[in-house]
Amino acid sequence: MRILVCISNVPDTTSKITFANDGTAFNTAGVQFIVNPYDEIALSKAIDLAEGGKGTVTVINVGEASTEATIRKALATGADDAVRVDSVPRDAWFVANQIADYVKSNPFDLILTGRESIDYNGAQVGAIVAELLNIPSISIAKKIDIEGSNATVEREIEGGKEILTTSLPMVVGTAEGVAEPKIPNMRGIMSARTKPLQVIPAVEVPQLSHITKYESPAPRGTVKMVDAGEVEKLVGLLHDEAKVI
């Protein structure tokens, strides 16, 4: 079984986020980048499924050369080889088209993504890839079992869970619980240096969206303490100032 894992290069949540060019660009200076945590779960599940000679794991990333440290970490974790589409990942539509174009020439039995990336939280890439390839897509998967050419996926839904069965190939967006993220060991780190990392050019894709401006959330206001006996005052503050009732 050939498994493709889509990985994103995202800012560490401990990094201080600022914007440049009058709020029209993300300032990467001093920002530490990591493998998107949900993608790490997808990668760990792929490695589990391929264990014991049952398959191979390829990771793909759409990004510039600066993302190669992130890709090498994925290789150190246990992926067999990697592909980098050499381009700025301008939006989900663009990224999905790059992945789908690669898969059309290099078929895979299973494509795994994280449920979403922690920078934009769009949860769009997996579904768009599946649509472009005309194959099934399941999101927010909590459990994946493969039996021959069929997959059984347990996913999270409002108020419960849903169990689906479909044939391969397919795209699955993984959530917490699918697998425990693996930590690269020294052997993996050393072998990652020699594992294949193919760099390919991006394909032309119509630009359907534009980011006009970034804005930081408004700073938190000061806390107002209200005596337990002043219920009317509390209601007034919630209505007139907080405007939540």
Side-chain angles (χ1 to χ4, degrees), residues 1-10 13 34-52 54-62 74 77-80 83 89 91-104 106-183 208-209:
M1 179 168 61
R2 299 190 70 217
I3 307 172
L4 181 69
V5 181
C6 310
I7 62 171
S8 298
N9 185 56
V10 300
T13 53
I34 60 172
V35 179
N36 179 48
Y38 290 116
D39 299 342
E40 285 190 305
I41 295 172
L43 176 59
S44 296
K45 182 58 181 179
I47 293 168
D48 288 344
L49 290 171
E51 199 170 31
K54 295 179 182 177
T56 59
V57 178
T58 299
V59 294
I60 186 168
N61 168 257
V62 180
T77 302
D80 297 291
V83 176
D91 58 21
W93 168 250
F94 178 84
V95 170
N97 271 273
Q98 306 308 316
I99 296 169
D101 184 75
Y102 175 74
V103 173
K104 286 174 183 176
N106 303 271
F108 288 86
D109 301 295
L110 179 63
I111 301 172
L112 298 180
T113 72
R115 63 179 292 174
E116 62 186 357
S117 62
I118 63 169
D119 49 2
Y120 290 98
N121 302 104
Q124 300 177 65
V125 170
I128 299 174
V129 168
E131 181 67 19
L132 292 170
L133 296 173
N134 194 30
I135 59 176
S137 170
I138 299 176
S139 61
I140 320 180
K142 306 289 283 188
K143 186 178 180 182
I144 306 170
D145 291 314
I146 306 294
E147 187 68 39
S149 60
N150 294 311
T152 301
V153 180
E154 182 180 304
R155 68 184 296 267
E156 195 175 66
I157 60 173
E158 188 70 30
K161 63 182 180 180
E162 182 178 53
I163 299 175
L164 303 168
T165 300
T166 186
S167 58
L168 302 177
M170 66 179 301
V171 179
V172 182
T174 61
E176 306 93 325
V178 167
E180 285 297 321
K182 300 182 186 300
I183 299 174
L208 304 182
S209 65

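Computed from a prediction, not measured in an experiment: that's the story for all the values here.
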| query | Excluding sequence neighbours, so at least two apart, what forms salt bridge (charged side-chain N to carboxylate O under 4.0 Å, His left out) with Lys161? | reply | Glu154

| message | On a heavy-atom basis, which atom in Ala46 and which in Val57 lie closest, and how many Å separate them? | response | O-CG2, 3.5 Å

| Looking at CG of Leu168 and CG of Leu110, how far apart are the two atoms once the value is rounded to the nearest 0.5 Å? | 6.5 Å

| Got a sec, which residues hit side-chain contact (heavy atoms from CB on, under 4.5 Å) with Pro169, two or more places apart in sequence or on another chain? | Ile135

| From Ser117 atom OG to Ile7 atom CD1, the distance as rounded to the nearest 0.5 Å | 12.5 Å

| message | According to side-chain contact (heavy atoms from CB on, under 4.5 Å), who are the partners of Asp101, at least two apart in sequence or on a separate chain? | response | Val203

| task | For Met1 and Leu49, work out which heavy atoms get closest and say how close. | result | CE-CB, 4.0 Å

| said: Using side-chain heavy atoms (C-beta onward) and a distance below 4.5 Å, is Ile111 in contact with Met170? | reply: no

| request: State, to 0.1 Å, how close Gly78 and Ile47 come at their nearest heavy-atom pair, and which atoms those are. | output: CA-CD1, 3.7 Å

| Which residue pairs satisfy the side-chain hydrogen bond (donor to acceptor under 3.5 Å, both in side chains) criterion with at least one member in residues 130-149, sequence neighbours excluded? | Ser139-Arg155

| request: Could you give me the CA-CA distance, side-chain angles and deciding distance for Ser209 and Asp91, then say whether side chain to side chain donor-acceptor pair (under 3.5 Å) is met? | output: CA-CA 8 Å; Ser209 65; Asp91 58 21; 2.8 Å; yes

| said: Nearest 0.5 angstrom please: Asn61 CG to Ile99 CD1, how far? | reply: 8.5 Å

| said: Holding to side-chain hydrogen bond (donor to acceptor under 3.5 Å, both in side chains), I want the full list of residues that pass it with Thr77, two or more places apart in sequence or in another chain. | reply: none

| query | Roughly how far, to the nearest 0.5 Å, is CG of Asp48 from NZ of Lys54? | reply | 10.0 Å

Result block: side-chain N/O donor-acceptor pairs under 3.5 angstrom for residues 34-45, not counting sequence neighbours:
from: Asn36; atom 1: OD1; to: Ile118; atom 2: N; distance (Å): 3.0
from: Asn36; atom 1: ND2; to: Asp39; atom 2: OD1; distance (Å): 3.1
from: Asn36; atom 1: ND2; to: Asp39; atom 2: OD2; distance (Å): 3.3
from: Asn36; atom 1: ND2; to: Glu116; atom 2: O; distance (Å): 2.9
from: Asp39; atom 1: OD1; to: Gly114; atom 2: N; distance (Å): 2.9
from: Asp39; atom 1: OD2; to: Ser8; atom 2: N; distance (Å): 2.8
from: Glu40; atom 1: OE2; to: Lys73; atom 2: NZ; distance (Å): 3.2
from: Ser44; atom 1: OG; to: Glu40; atom 2: O; distance (Å): 3.0
from: Ser44; atom 1: OG; to: Glu180; atom 2: O; distance (Å): 3.3
from: Ser44; atom 1: OG; to: Lys182; atom 2: N; distance (Å): 3.0
from: Lys45; atom 1: NZ; to: Ile144; atom 2: O; distance (Å): 3.2

| Heavy-atom closest contact (Ile3 atom, Phe108 atom, distance) | C-CD2, 3.6 Å

| query | Under the 3.5 angstrom rule, does the side chain of Asp80 hit a backbone N or O of Thr58 as a donor-acceptor pair? | reply | no

| request: Could you list the residues that satisfy side-chain contact (heavy atoms from CB on, under 4.5 Å) with Ile183, not counting sequence neighbours? | output: none

| Picking from Thr174, Val153, Val171, what satisfies side chain to side chain contact (heavy atoms under 4.5 Å, CB included) with Ile138? | Val153

| Arg115 to Ala175 - nearest heavy-atom pair and separation | CD-CB, 3.9 Å

| request: Sequence neighbours left out, what passes side-chain hydrogen bond (donor to acceptor under 3.5 Å, both in side chains) with Asn150? Give chain and number order. | output: none

